[in-house]
Amino acid sequence: MSVKIVDFDILVDDALVNICTDSSVTPIDKSFLLSVVNGYEDGKWRQNVFRNFVFNNLAEDGLSSKEREALAGKNYETLVEAAQKLRIEKNINDSSGGEIGEILLYGIMKHHFHALPVVPKIFYKQNANDYVKGADSVHITLTESGDFELWFGESKFYNSIEDARFATPIASVEEMLMAKKLRDENSLITNLHDLDDILNDVELSGRIKAALDKGVSLDDVKRRLHIPILLLHECALTKSATACDQSYKDAIVAYHKERANSYFKKQMAKLKKTVHLLEEIRFHLILFPVPNKELIVKDFIERAKRLQDDGNN
């Protein structure tokens, strides 16, 4: 894996077994922590770099493969069209910024895990009936042996990542791993044309669809399954810092490792009671700190609204 995700620094990319401080946390051999940070310039957090990453990836996460193909080479028109799929609250204060997390996770999946976006979720969530259903991210990665792995992601944007915050993402992950939800996601993949368009390989596409067919045991699906959990979060360390120097990096590494230990302890305790073959599923906790959630959400909504207005004029 790279030491950067585009312009972001990777501080930790390690298995939980190497950083776990509690031997009672089981199973841990398929759990991982990815800690990612943005940089600073002139003593300020580089919000423009973060913003550009989000909006560059919105252009893909908001459109189907056919729409992206039709707009090839029309960068601004592509962004305007993708922005139409966003659900922007009339009152900025009412927004949780959840779509920022979804888009950020999409970009991390693409650039770090080299995943294929078979279901651009911002695009498909435009249907009100589907808005709160299913994973926030659905990707496929291809292995060197010619096989594939399945990624169903969860993303949150929080004011903090203290223990009290963990109950909601853990509950979402638990729900995602229930039989009906897994079958719904598999069905969405197999019934869409995006997989065929992206792979451009009829034989491989056919094998993936056959492996995800509703007649196939979910036990087999779980052995292919990865669950990335992005917690984009406001962070006092990031707010008070003025440079991405070693002191800051060391502080974030220590904080994120401690938070990962706590998160996985709570998740494993909850899921081991309800999820069959939990030990077969790989979990990736992704932590990304920001200095001020409110300002980031406000900036995102204002720019997204301008794009939407451009599309309506």
Side-chain angles (χ1 to χ4, degrees), residues 1-13 32-39 45-65 67-68 71-72 75-76 78-83 85-87 96-126 134-142 149-158 169 194 198 226-235 238 244 256 284-291 293 296-297 299-301 303-304 307:
M1 295 291 185
S2 63
V3 295
K4 278 185 173 287
I5 300 176
V6 188
D7 293 315
F8 303 142
D9 288 324
I10 297 173
L11 302 187
V12 181
D13 186 5
F32 306 87
L33 169 63
L34 178 65
S35 170
V36 186
V37 296
N38 189 19
W45 192 75
R46 300 178 72 189
Q47 185 165 340
N48 63 316
V49 172
F50 180 85
R51 177 196 304 129
N52 290 346
F53 186 87
V54 170
F55 278 97
N56 286 342
N57 284 284
L58 165 63
E60 294 188 17
D61 197 22
L63 300 176
S64 68
S65 60
E67 287 180 326
R68 295 196 299 270
L71 290 167
N75 295 340
Y76 189 71
T78 300
L79 192 56
V80 167
E81 185 65 25
K85 308 299 193 300
L86 292 169
R87 291 176 174 271
S96 68
E99 288 184 326
I100 301 174
E102 291 183 28
I103 299 165
L104 184 68
L105 177 56
Y106 178 99
I108 290 172
M109 288 302 306
K110 173 185 175 181
H111 292 285
H112 185 66
F113 295 104
H114 308 295
L116 302 173
V118 293
V119 181
K121 276 291 182 163
I122 296 294
F123 170 77
Y124 287 106
K125 283 186 176 183
Q126 66 177 304
D136 291 331
S137 165
V138 176
H139 288 75
I140 281 177
T141 53
L142 305 180
E149 294 177 332
L150 194 60
W151 298 68
F152 292 162
E154 173 70 16
S155 66
K156 300 292 183 187
F157 194 173
Y158 285 146
D194 291 67
I198 291 169
H226 295 251
I227 306 294
I229 306 133
L230 169 67
L231 300 184
L232 179 63
H233 63 96
E234 187 170 312
C235 169
T238 301
C244 193
H256 280 179
H284 306 260
L285 181 64
I286 306 169
L287 300 180
F288 195 120
V290 301
K293 176 186 174 182
I296 289 172
V297 172
D299 179 74
F300 174 80
I301 290 177
R303 292 172 186 276
L307 288 169

>> Does Tyr106 form a side chain to side chain contact (heavy atoms under 4.5 Å, CB included) with Leu58? I'd like the steps, not just the answer.
In response: CA-CA 9 Å; Tyr106 178 99; Leu58 165 63; over 6 Å; no
Do the side chains of [Y] and [X] get nearer than 4.5 Å, heavy atoms only?
| X | Y | value |
| --- | --- | --- |
| Asn38 | Phe53 | no |
| Val12 | Leu34 | no |
| Leu33 | Leu287 | yes |
| Asp9 | Lys4 | yes |
| His112 | Asp13 | yes |
| Ile100 | Phe50 | yes |
| Leu104 | Phe157 | no |
| Phe8 | Val49 | yes |

> Hey, mind stepping through Trp151 and Thr141 against side-chain hydrogen bond (donor to acceptor under 3.5 Å, both in side chains) and telling me if it holds?
Replying inline: CA-CA 8 Å; Trp151 298 68; Thr141 53; 2.8 Å; yes
> Between His256 and His233, how do the two ring planes meet: parallel, tilted or perpendicular, split at 30° and 60°?
Replying inline: perpendicular
> Donor-acceptor pair, Asp136 side chain versus Ser155 backbone, under 3.5 Å?
Replying inline: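 Looks like yes, one N/O pair under 3.5 Å.
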> If you look at every heavy atom in Leu105 and Glu154, which pair is closest and at what distance?
Replying inline: CD2-O, 3.8 Å
> At their closest point, which heavy atom of Lys293 faces which heavy atom of Glu234, and how far apart are they?
Replying inline: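 The answer is N-OE1, 2.9 Å.
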>> Run the ring-ring contact (aromatic ring centres under 6.0 Å, His included) test on Phe113 and His226 for me, step by step, so that the C-alpha distance in whole Å, both residues' side-chain angles and the decisive distance to 0.1 Å come before the verdict.
In response: CA-CA 11 Å; Phe113 295 104; His226 295 251; 7.9 Å; no
